[in-house]
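My questions all concern the structure below.
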2 protein chains.
Amino acid sequence: MTEYPPFAVTADLVVLTVRADELHVLLVRRGVPPFEGCWALPGGFVGIDEDLPDAAARELAEETGLPEPAGHLEQLGTYGQPARDPRGRVVTVAWLALLPGLPTPVAGSDAAAADWVPVNRLDRARLAFDHGRVLTDGLERARAKLEYTPLATAFCPAEFTVAQLRAVYETVWDTRLDPRNFHRKVTGTPGFVVSVGRNTEGERGRPAQLFRRGPATLLHPPMLRPPA
Amino acid sequence: MTEYPPFAVTADLVVLTVRADELHVLLVRRGVPPFEGCWALPGGFVGIDEDLPDAAARELAEETGLPEPAGHLEQLGTYGQPARDPRGRVVTVAWLALLPGLPTPVAGSDAAAADWVPVNRLDRARLAFDHGRVLTDGLERARAKLEYTPLATAFCPAEFTVAQLRAVYETVWDTRLDPRNFHRKVTGTPGFVVSVGRNTEGERGRPAQLFRRGPATLLHPPMLRPPA
DNA sequence: CGAATAGTGTCTTTTAGACAATATCAC
DNA sequence: GTGATATTGTCTAAAAGACACTATTCG
């Protein structure tokens, strides 16, 4: 293999979650050059015998401290401009992860400097490397996929109410949705959610049915973002 | 950079076109091991100072013999199982290209063994490396994107009729569409196509208006695949 | 003229979206 | 009861899909 140009390959993660009605991304503060002191996406080098999805899952577990419980992980894209890393020719395979709002904080994780940052109060141009562009692509992917897949449930705990699911859509899309039409649409789309037969207790207002994610992988009909 | 595991990086292409009402993919017959004699996706190693999209465009130009005229090129995904290439650790960034049915054959190209193969009469399991899976992913991406983008026009010449565009949809989706509803939908979707004010001549039947691709990047409303 | 293809009109069903009304809890 | 939230119902507009009909060419 010495006759071929040698590259380093990394796996970087866009990890999104919803906390307190704001969309957050998991970032780490870099402690070493290059971009020392800057926010960056969590990630690291892929092992020479490691498969790409395994590397992404390993990084995700390391950075969140969780043994990868619920949630969703998919490949986002590969970024490899020759000058993107001053240390040499590094190509990064970026991954998009969606997690439920963690009841436990990120404590116990490898990266002590990891933190959840609200995406709407973050200057993406300040991120290390080309991570601003990666984050932008990840956000657009997540927003688009909420339309035609049941992926919004990846932001929710295993059991959730229609109102919680609606809050996910409203937060990720940064819009308001009519609760009554939303309810009819979610419960009317085959396989999106299934009732667990129990209700919430001790909340304000009328108790709400609890649901789990259904078996559908594609939504028919899709949930459409309001135009403009 | 010697402290990081060294990878080779390739750019492989899923190049699709429509000829004679069949969807074709551009394949090359491998002349050297590994997988000597097998069909494979065209591609090659990325230069150490070469950007990833540049490498893809270069390979596309080399294999088709065209200076990348019309058409569409986008990143499909990255494949890097440790054992996918017996020569060593090779990660490939796959690209999806859509081209109009070439009036000129592939002659004059670098790869003398390149050929268009109908995807429906091809055993994907026989392709070299993991190219069967890459092709499957590329086909699904193309089929899905015809729904909500004007990408079907990438399969057409610069000026085309509604019937030609319909033939693209029917071929890629392997289905039949009602010509009358299709016409109303295409011409009624803002920015999908724009009339050039001229008609076809010398064809059978009533002459058809010629259109060009419009400015829209997303279709509202989308063209939906018939269910089941 | 007849065959063939292009394009328009009409009707029915489905879905989106606005919003009234009712249900069931905590207090 | 009052306030809050959940859920159902009703209406209108937009879009999907089936299909009759008209338009324009070639031979």
inquiry  = Once ring-ring contact (aromatic ring centres under 6.0 Å, His included) is applied, what residue pairs with a partner in residues 118-152 of chain B remain, sequence neighbours excluded?
reply    =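 Matches after skipping sequence neighbours: B:Phe35-B:Phe129, B:Phe129-B:His131.
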**Q.** Whether over 12 other heavy atoms sit under 6.0 Å from B:Arg133 CZ
**A.**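 No, CZ of B:Arg133 has 12 or fewer neighbouring heavy atoms, counting only those of other groups under 6.0 Å.
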| What nucleic acid atoms does B:Glu203 come within less than 4.0 Å of, heavy atoms only: base, sugar-phosphate, or nothing? | sugar-phosphate
For atom CD of A:Gln81, is the number of surrounding heavy atoms from other residues, nucleotides or ligands below 6.0 Å larger than 12?
-> no
Contact string for nucleotides 2-11 of chain D, one letter per nucleotide 5' to 3', B = base within protein heavy-atom range under 4.0 Å, S = sugar-phosphate only, - = neither, reads --BBBBB-B-
- Message: Using side-chain heavy atoms (C-beta onward) and a distance below 4.5 Å, is B:Glu59 in contact with B:Pro42?
- Response: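 Sidechains of B:Pro42 and B:Glu59: no contact.
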Q. Looking at side-chain heavy atoms only, is the closest gap between A:Leu13 and A:Leu26 below 4.5 Å?
A.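 Side-chain contact under 4.5 Å: no.
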My understanding is that only residues two or more places apart in sequence, or in another chain, count here; which of them pass side-chain contact (heavy atoms from CB on, under 4.5 Å) with B:Pro226?
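With sequence neighbours excluded, B:Pro226 shows a side-chain contact (heavy atoms from CB on, under 4.5 Å) to B:Trp173, B:Thr175, B:Leu177, given in chain and number order.
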With a 4.5 Å cut-off on side-chain heavy atoms, are A:Leu219 and A:Pro150 touching?
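Yes; the side chains approach each other to less than 4.5 Å.
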Contacted region of DNA chain C by chain A, from 5' end to 3' end of the hits, cut-off under 4.0 Å to heavy atoms, spans C:dA16 to C:dA26
Output for pair (B:Gln75 CD, B:Leu96 CG), nearest 0.5 Å, gives 11.0 Å
When rounded to whole Å, the CZ to P distance for the pair B:Arg198 and D:dT24 reads 20 Å
Discussion item. I need the residues from residues 150-158 of chain A with at least one non-hydrogen atom less than 4.0 Å from DNA chain D; give them sorted by number, or say none.
Written reply: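 Going residue by residue through residues 150-158 of chain A, none turns out to have a heavy atom under 4.0 Å of DNA chain D.
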For this session: Taking the side chain as every heavy atom from C-beta outward, state whether A:Phe192 and A:Met223 have any atom pair closer than 4.5 Å.
Result: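 Yes; the side chains approach each other to less than 4.5 Å.
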| said: Does D:dA15 have its OP1 or OP2 closer than 4.0 Å to a side-chain nitrogen or oxygen of B:Lys185? | reply: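 No, because none of the side-chain N or O atoms of B:Lys185 sits under 4.0 Å from OP1 or OP2 of D:dA15.
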For residues 210-228 of chain B, the side-chain hydrogen bond (donor to acceptor under 3.5 Å, both in side chains) pairs (sequence neighbours left out) are B:Glu147-B:Arg225, B:Glu159-B:Arg212
To the nearest angstrom, the CG-C1' distance between B:Asp178 and D:dA16 comes to 11 Å
